[in-house]
Every structure is written in structure tokens, then in C-alpha cells.
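Presented below is the structure to which this report refers.
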Amino acid sequence: MVDATINVICICGSLRKASYNRMVMNALPALAPSNMRIKEAPPFAEFPLYDADVEQSSGFPAAVQGLAEAVRAADGVIFNTPEYNFSIPGGLKNAIDWVSRVPNQPFAGKPVALQSAANGVLGGGRMQYDLRRSMIFLDALTLNKPEIFIGNCSQRIDAKTGEITDQATVGFIRQQLAAFATFIERHGGKR
Ligand SMILES: Cc1cc2nc3c(=O)[nH]c(=O)nc-3n(C[C@H](O)[C@H](O)[C@H](O)COP(=O)(O)O)c2cc1C
């Protein structure tokens, strides 16, 4: 029998414990369609800065291989990330750069969805276009719509409880996860 479960991993672009993006990520399982399982990807916090000399001399650090294999094994990947200085947070970009160097790099053909929470009014929109661009280079299949930009996030997410209090935001996330499930069913396929 074919397993209809869709396994998705989330990569959180913020390292801080009280991250709003992490709160959004943690809210996703309850908002996902019933056939979608969502869990956090292995961490990238310990990745060294990408250096081709390190790659040449020592190969890929175990943590890089762990994330690369998790991406490869997943049916889809969701990025939950803030915008830093109008672009991709450096730690996350470094993680993508490392994973992109793994042979048969795992983002190729991988369904990807983007979500960002930021304190600016645009909710990380500028970062998302840069992240989309990196995903284009990696031949990922990035969901176009619905887009999730949670602007003024401290007013829509309760920092104490981690709950998304803005019901319109909750609705948009539900819609995106449903669309992502359909997108994966149409275009997914593990490599
Ligand atoms: C280095 C840095 C750069 C930032 N740049 C932006 C930015 O370009 N646009 C924006 O909306 N917010 C920016 N912010 C504010 C973040 O939106 C805010 O700190 C947010 O809470 C970070 O996400 P997190 O809660 O998941 O860590 C920046 C914050 C930091 C620390």
C-alpha cells in the first residue's frame, strides 16, 4: 500500500530561543492537513563558515551531512526565517551553501515553501525573494502562492505563549500548508 503521509521538515533561520519564527514553526503541526507530518530539521548552528579548503581537506562536517540527508529524505521543506538587513540571515545562508555542495545536492527537485515573520511591516518579503533566488539556483521547486509574510510579528504572535494570536495569519498559514500538500502530491518525488 502506498503511504499517503507527507513528511515535511522545517528549517528555522533564527537561532535565538525566543524567536518568533520558531514560534510560527512550532504552530505548524496543528495547522497542517491531516496527512502532513511536520518536524524540525537537524540544526545548523554548529556549522563552520563555509570554506572550500575545509571541504577539500576534511570533507563535509557530520552536522552538514545530517541536514543534507534530512532534506533528501523529506517530501518537502519549509523555511521559517526572519529577514536580516533586507536579506537571508547569514547563518541560514551559510547552511544552504554547505548543503548545496553535498554531491547530488538534496534541494534539486525538492518542494519548498517559505514563511517569514519579521518586525518590519513587509514581514520579510525582501528576504524571501533572495531565498527564492537561491532555491532557483539549486533547482528546488518553490511554492509560489499563498505567500506568508508575517509583518509586525510582535503584534500577531504572543511572545509569552508562542501562540499566533492574529486569526487572519492563522488562516493564511492553513491555506499555504494545504496548498503545499497539493503541490507536493503533484510535483514531489524523493531523489
Ligand atoms: C541583524 C538583524 C537584522 C535585521 N534586519 C531586519 C530587516 O531587514 N527587516 C525586518 O523586517 N526586520 C529586521 N530585523 C528585525 C527582525 O525582524 C526581528 O528581530 C525578528 O524578531 C527576528 O526574527 P526572530 O524573532 O525569529 O529571531 C533585523 C534583526 C536583526 C538582529
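These numbers were taken from a predicted model, which means no experiment stands behind them.
Side-chain heavy atoms closer than 4.5 Å link hydrophobic residues (I, L, V, M, F, W, Y) into clusters, and following such links, possibly through other members, connects I148 to L31. Linking Ile, Leu, Val, Met, Phe, Trp and Tyr residues whenever their side-chain heavy atoms come within less than 4.5 Å places I157 and I38 in a single cluster. M127 and L122 sit in two unconnected hydrophobic clusters of ILVMFWY residues. Membership requires side-chain heavy atoms under 4.5 Å apart, directly or through other members. Tracing side-chain contacts under 4.5 Å through hydrophobic residues (I, L, V, M, F, W, Y), one reaches V64 starting from I88; they form part of the same cluster. Grouping the Ile, Leu, Val, Met, Phe, Trp and Tyr side chains by contacts below 4.5 angstrom, directly or via other members, places I136 apart from F107.
With a 4.5 Å cut-off on side-chain heavy atoms, F44 and I11 count as touching. Taking 4.5 Å as the limit, every side-chain heavy atom of N80 sits out of range of all side-chain heavy atoms of M23.
The minimum heavy-atom distance linking C12 with S19 is given by the pair SG-OG, 4.2 Å. Contact between L177 and I78 at its shortest, heavy atoms only, is CD2-CD1, 3.6 Å. Closest approach of R174 to A30, counting heavy atoms only: NH1-O, 4.0 Å. Shown here for A140 and V112, the closest heavy-atom pair between the two residues is CB-CG2, 4.0 Å. Nearest approach of G90 to Y84, heavy atoms of both residues: N-CD1, 4.5 Å. Shown here for Q105 and R72, the closest heavy-atom pair between the two residues is C-NH1, 4.5 Å.
Counting non-hydrogen atoms of neighbouring residues, nucleotides and ligands closer than 6.0 angstrom, the CZ atom of R16 exceeds 12 such neighbours. Remark: Y50 OH is packed, more than 12 non-hydrogen atoms of other residues, nucleotides or ligands lying under 6.0 Å away.
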query: S134 and K93: side chain to side chain contact (heavy atoms under 4.5 Å, CB included), yes or no, with the steps?
result: CA-CA 9 Å; S134 289; K93 182 61 166 55; 3.8 Å; yes
message: Walk me through whether D97 and R101 qualify under salt bridge (Lys or Arg N to Asp or Glu O under 4.0 Å).
response: CA-CA 7 Å; D97 292 343; R101 300 295 300 166; over 6 Å; no
- request: Check the pair T142, L131 against side chain to side chain contact (heavy atoms under 4.5 Å, CB included), reporting the backbone distance first and the verdict last.
  value: CA-CA 10 Å; T142 306; L131 187 48; over 6 Å; no
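Between the CZ atom of F180 and the CG atom of L114 there is a distance of 9.0 Å, given to the nearest 0.5 Å. Note that CZ of F60 and CZ of F47 are 11.0 Å apart. Values are rounded to the nearest 0.5 Å. Summarising the geometry, atom CD1 belonging to I6 is positioned 7.5 Å from atom OG1 belonging to T182; distances are rounded to the nearest 0.5 Å. With rounding to the nearest 0.5 angstrom, the CD atom of Q115 is 7.0 Å from the SG atom of C10. Atom CG of L141 and atom CE of M135 lie 11.5 Å apart (nearest 0.5 Å). With rounding to the nearest 0.5 Å, the separation of CD1 in I96 from CZ in F79 is 4.0 Å.
The backbone N or O of E163 lies less than 3.5 Å from no partner atom in the side chain of D158, so there is not a single donor-acceptor pair. Side chain of D166 to main chain of T169: a donor-acceptor pair is present (N/O by atom type, distance under 3.5 Å, no hydrogens or angles). Formation of a donor-acceptor pair under 3.5 Å by the W98 side chain with backbone atoms of E55 is not found in this model. With hydrogens and angles disregarded, a donor-acceptor distance shorter than 3.5 Å links the side chain of D75 to the backbone of N7. Checking side-chain atoms of R156 against main-chain N and O of V170 turns up no donor-acceptor pair under 3.5 Å. With hydrogens and angles disregarded, no donor-acceptor distance shorter than 3.5 Å links the side chain of K110 to the backbone of V77.
In the model, T81 has no side-chain atom that pairs as donor or acceptor with a side-chain atom of N21 under 3.5 Å.
Among pairs with a residue in residues 32-44, those fulfilling side chain to side chain donor-acceptor pair (under 3.5 Å) read R22-E40, N35-E185, at least two apart in sequence or across chains.
Under the side-chain hydrogen bond (donor to acceptor under 3.5 Å, both in side chains) criterion, E147 pairs with Y129, not counting sequence neighbours.
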